[in-house]
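Lettering follows sequence order; numbering is per chain, from 1.
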2 protein chains.
Amino acid sequence: METASPTLSRKAQIDQTATALFRRRGYAATSMRELAAALGIEAGSIYSHIRSKEEILHRICFRLADEFMAGWRNATADASAPVATQLRRAIESHVRVLIHHVDASAVFMHEWRHLSEPAHGEFLQLRHGYEVGFRELIARGVAAGELHTPDPAFAALTLLASLAWLPSWYRPDGKLGAEQIAERLADQLLGGLAN
Amino acid sequence: METASPTLSRKAQIDQTATALFRRRGYAATSMRELAAALGIEAGSIYSHIRSKEEILHRICFRLADEFMAGWRNATADASAPVATQLRRAIESHVRVLIHHVDASAVFMHEWRHLSEPAHGEFLQLRHGYEVGFRELIARGVAAGELHTPDPAFAALTLLASLAWLPSWYRPDGKLGAEQIAERLADQLLGGLAN
DNA sequence: TATGGTTCCTAACGTTCGTTAGCAACAATT
DNA sequence: AATTGTTGCTAACGAACGTTAGGAACCATA
């Protein structure tokens, strides 16, 4: 067996703890000494496992981006399905990822700008592609007569806004689960649009 | 006449430049030396006009909070008006403030957590009151039969999400003005709800 | 018993941070 | 002519920053 550690590898622990700290205090305002203290070790020791502070942020952001992308591809794989169905699946997938990684999601939304080039540009490109995907899906639905809205681009914006805003109000102990939130979001966002 | 300076007072210039920097780079990642360089002076010179870095952030956040609050009171002053009207007015007021102070709005949304106590708590209290106002207004509309939604609290969340997300995509040179954005937002958010 | 990977330490590096002290130039007011 | 407020400078303070070097345990495998 390889490193079948009982819990998480030290590197994974660092990522996890850093994610929580970056979320609460922000990337720039979180020092390596704070992170080390939260892990119960000294600051220098962290560098036995990582190369730099930014590497942690990079991993947090792009790992989540991968999850969002995979969910999107999965949800829209069946291009013959009704657009409303694809859209609902995409929303559900997004919410599921969001809720399964609340801290990472908040970091993903706010701290990506501290990435330096070329990671910064790559991240923006990924995010833009994701947003365009939603926008075009909605536009396709409108063109097909499945959805109705006076301004598809605007509808996409409010949808994405609701998704982006979610990690800042969602509480794991709330009464709504992932599926219910996704359902309610889809209903509300499509309710005014779908026929 | 008092300080009828041709442009802005130096203090106002500092606030303005800091707002732009805080927005682009984040509060924690913006140094006083950067701010000074953007103003064309030395770092130490800034302290002839302000007491601390956080004082600038405090002013940015609470000044905008005042504007949002004033707009809200104005929009909902006539309690006898239909809820849909009050809501539409509140949205329009919010969007107008948002667009008139795009940079400050982005700072307001993201950087408030770097305020220390008691300002941090006061800010959260103000924001919470604002959100509760929207939530209750929508709930009142539903109770009065003016609005229809399966989950008023959720509807309030998506509305606030759209408002919060706006400064991150709005471009002053875009084709939509403040009034049109507010109108479209209100239409879309209420369109699915109002009768 | 030797080896290599994982883990962590102490000590320190050079840099940058927010901020202050003390001084000087200039404007407008008294 | 004296005063006051605004504006800015240089030089520096102590603290905190991200990061590195070098060494030492420990544990598995060989």
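- Taking atom CD on B:Q13 and atom P on D:dT6, their separation rounds to 15 Å, with Å as the unit.
- A side chain to side chain donor-acceptor pair (under 3.5 Å) check over residues 22-46 of chain B, counting only residues at least two apart or in different chains, returns the pairs B:R23-B:D103, B:R25-B:E34.
- For residues 151-169 of chain A, the pairs satisfying side chain to side chain donor-acceptor pair (under 3.5 Å) are A:D151-B:R184, A:T158-B:Q188, with sequence neighbours left out.
- Sorted by first then second residue, the side chain to side chain donor-acceptor pair (under 3.5 Å) pairs that include residues 56-78 of chain A, not counting sequence neighbours, are A:D15-A:R59, A:E55-A:R59, A:E67-A:H101, A:D78-A:S80.
- Between B:E42 atom CD and D:dT10 atom C1' there is a gap of 8 Å when expressed in whole angstrom units.
- Considering only residues two or more places apart in sequence or on other chains, B:A12 meets the side-chain contact (heavy atoms from CB on, under 4.5 Å) condition with B:L8, B:S9.
- Sorted by first and then second residue, the salt bridge (Lys or Arg N to Asp or Glu O under 4.0 Å) pairs involving residues 158-175 of chain A (not counting sequence neighbours) form an empty list.
- Atom pair A:L8:CG and C:dT6:P shows a separation of 16 Å (rounding to whole Å applied).
- Remark on the helix from C:dT1-D:dA30 to C:dT30-D:dA1: inter-end axis angle 0°, axes from five-pair C1' superpositions, rounded to 10°.
- The side chain to side chain donor-acceptor pair (under 3.5 Å) contacts involving residues 114-132 of chain A comprise A:E54-A:S116, A:H94-A:Y130, A:E111-A:H114, A:E117-A:H120, where partners must be two or more places apart or lie in separate chains.
- Shown here are the side-chain contact (heavy atoms from CB on, under 4.5 Å) partners of A:E92, two or more places apart in sequence or in another chain: A:R88, A:R96, A:A182.
- Computed from coordinates, the A:I41 CD1 to D:dG18 P distance equals 14 Å when rounded to whole Å.
- Contact between the side-chain N/O atoms of A:H49 and the OP1/OP2 oxygens of C:dT6 is not found at any separation under 4.0 Å.
- Look at CG on A:L35: it is 14 Å from C1' on C:dC8, rounded to the nearest Å.
- Annotation: side chain of B:L98 is in contact with side chain of B:F68 (closest heavy-atom distance under 4.5 Å).
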How would nucleotides 15-21 of chain C be written as a contact map, 5' to 3', with B for base contact, S for sugar-phosphate-only contact and - for no contact, using protein heavy atoms under 4.0 Å?
--BBBB-
